[in-house]
Each structure stands twice: as C-alpha cells, then as structure tokens.
Amino acid sequence: MWALYAFGSALFAGLTAVLAKCSIRKTDSTVATAIRTIVVLIFSWVMVFLAGSQSQLSALSGRTLLFLILSGLATGASWLCYFHALQIGDINKVVPVDKSSTVLTILLAVIFLHESLSLAKGAGVVLIAAGTYLMIEKKQSDGAAKKAAWLWYALGSAVFASLTAILGKVGISGVESNLGTAIRTGVVLVMSWMMVFDTGKGAKLREVPKSKLGFICLSGLATGGSWLCYYKALQDGPASVVAPIDKLSILVTILFSWRVFHEKLTKKSAAGLVAVVGGTLLMLL
C-alpha cells in the first residue's frame with residue numbers, strides 16, 4: 001500500500017507545480033506560498049480529525065516533535081525557494097532541478113537511516129543525476145542574472161527537500177502520519193508568514209488578483225493531498241524508494257506545462273527526462 005500512496009503523492013505534486021505556476025504569474029511567490037499554506041493546514045487538520053488521531057497529541061515525545069519541527073522548517077525553506085524559482089524560470093526547467101533532491105535523499109538515507117543501496121539503485125542514482133543535468137538549460141529570453149537566479153533557487157529547493165524527507169522519516173516514526181503532516185504544516189505556516197512580514201510584503205496581500213486566488217487555493221489542496229500521501233508512504237516504506245516514486249510527478253508537471261503553458265522540450269531535455277524516469281524505475285527494483 002505504501003507504493004500506492006507514493007504514486008498518489010507524485011500525481012498531486014505534479015498538479016501542485018502547474019497550479020502554483022498559474023497562481024504566481026501576477027502574485028508575489030512568498031505571499032502566494034503563505035496563503036497556500038493556510039489551505040494545506042486546514043486540509044491537514046480535517047484529515048487528522050477524520051482519522052481520529054488528534055488524541056495522540058498529548059503522547060508525542062520531545063524527540064518526535066523536534067524532528068517534525070525541523071522537517072517543517074526544511075519544507076518551508078524548500079517551498080520558498082521552489083515557488084520563487086517557478087516564478088522566474090520555466091516550469092520544465094525548474095522542476096527537474098528540484099526533483100534532483102532524489103539523489104541527495106537516497107545518499108542521506110543510506111548514511112543516516114542505514115537503508116541499503118543495491119547495484120540497480122546505484123545505477124538509478126547515476127541516471128537521475130545525468131538526466132537532471134541534461135534537462136537544465138539556460139533561458140534565452142532573460143538577462144544573465146535572472147538565468148542564474150532561478151537555478152540557485154531551484155537547487156536550494158532540492159537540498160531542503162531532501163532534508164525534509166530524512167527529518168520527516170525520523171519524525172513520523174512514532175506518530176500517525178496525518179497528525180505528523182498537520183504539525184509540520186503548522187511550522188511551515190509560521191515560517192511562511194514570518195517571511196512575508198520580514199521582507200515587507202504584507203501590503204502585497206491586497207494586490208493578489210481574485211482570479212489567481214482560486215489557483216492558489218487549488219494548489220494548496222493538491223499540496224495537502226501530496227503531503228498526506230507522501231508521509232503515509234514514508235512512514236511505511238523506505239525513504240530511498242518512496243522519494244524516487246514521488247519524483248515521478250515530473251511526468252505530470254511536464255505534460256501539463258506543455259498543454260497549459262506551451263513549454264516545449266528540446267531533444268536534449270527529452271533525453272534527460274527519459275534518463276530521469278528510467279533511473280527512477282530502476283530504484284524500484
């Protein structure tokens with residue numbers, strides 16, 4: 001069942017990227033992230049009460065809370081980097097870089113969680129890394145500074161996403177997955193709104209177009225669905241396998257980016273996509 005949850009996470013994560021891209025075209029990415037997190041938090045706690053796991057709150061250990069909070073902080077940092085990268089870069093270039101967190105997640109899982117790394121998984125790591133490199137292309141329409149900026153933000157998103165998986169795996173070992181997700185989301189919410197006001201973007205809340213607010217809320221619901229599936233899969237399955245399956249969301253994202261935003265893949269990028277998907281499938285062996 002954990003594999004099905006992982007595939008569900010991939011589907012919702014792919015939709016999240018496309019809906020987020022729609023919502024931040026004319027909206028500051030930090031503000032949109034903060035609003036989106038409210039939707040995710042409400043969705044998460046509704047699932048907690050539907051699952052009846054709210055009674056476990058008083059029984060959580062300090063260690064579990066610590067790792068859930070650290071995972072939430074890493075998630076918040078990853079989100080802020082990711083959605084800013086989406087705002088200034090092409091979706092079919094930002095997403096592959098973000099998904100390269102798979103490689104780092106696998107290495108960290110082997111080192112800190114003592115998960116095994118077979119020959120097939122090793123080959124998968126190499127393919128994913130090579131495919132990601134092939135899919136990173138510089139934009140031709142913008143200045144050099146902007147070209148570099150989206151890449152650095154996307155790389156930051158990947159690093160923090162890998163930390164999220166490892167810290168989350170440790171944190172949810174002693175708590176029901178829906179409750180763990182809701183607690184982490186609360187941390188992300190606080191962090192997101194602190195960033196809004198710390199950067200002086202509170203006034204931009206009034207500038208959010210009503211037409212984009214719906215996309216922000218929909219992306220929040222998609223994110224909530226992805227998180228609930230992801231951490232349920234992570235709780236029951238190995239992080240070094242769950243993370244690669246989750247990253248198959250790249251197929252959903254690129255399909256929608258082609259249909260909705262008319263972003264096209266070059267032959268080099270297409271070869272990279274094949275390598276990334278092939279490497280991911282090898283991870284399942």
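These figures come from a predicted structure and were not determined experimentally. No hydrogens, no waters, no symmetry mates; every other heavy atom, side chains included, goes into these values.
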Answer yes if [X] and [Y] sit in the same cluster of Ile, Leu, Val, Met, Phe, Trp and Tyr residues linked by side chain heavy atoms under 4.5 Å apart, and no otherwise.
X      : Y      : value
Leu108 : Val242 : no
Trp79  : Val208 : yes
Phe83  : Trp193 : yes

[atom1]-[atom2] distance between [X] and [Y], expressed to the nearest 0.5 angstrom:
X      : Y      : atom1 : atom2 : value
Leu248 : Leu11  : CG    : CG    : 11.5 Å
Lys121 : Leu282 : NZ    : CG    : 11.5 Å
Ile166 : Ser240 : CD1   : OG    : 8.5 Å
Ile183 : Leu57  : CD1   : CG    : 5.5 Å

Any sub-3.5 Å donor-acceptor pair from [X]'s side-chain atoms to [Y]'s backbone N or O?
X      : Y      : answer
Glu115 : Ile106 : no
Thr164 : Thr75  : yes
Glu207 : Thr27  : no
Ser157 : Tyr153 : no
Ser9   : Tyr5   : no
Lys169 : Gly237 : yes
Ser71  : Phe67  : no
Gln87  : Thr30  : no

request  = Using the side-chain hydrogen bond (donor to acceptor under 3.5 Å, both in side chains) rule, take Ser226 and Thr223 through it: C-alpha gap first, then chi angles, then the decisive distance, then the call.
outcome  = CA-CA 5 Å; Ser226 177; Thr223 300; over 6 Å; no

Measuring only between side-chain heavy atoms, which start at C-beta, is [X] closer than 4.5 Å to [Y]?
X      : Y      : result
Leu113 : Val170 : yes
Leu179 : Gln54  : no
Val40  : Val188 : no
Leu104 : Ser101 : no

key: CA sep, side-chain torsions, deciding dist, call: Thr64, Ser61, side-chain hydrogen bond (donor to acceptor under 3.5 Å, both in side chains)   = CA-CA 5 Å; Thr64 296; Ser61 66; 2.9 Å; yes

key: Salt bridge Lys201-Asp28, side-chain N to carboxylate O under 4.0 Å   = yes

query = Hey, is CZ on Phe43 packed in by over 12 heavy atoms from elsewhere, all under 6.0 Å?
reply = yes

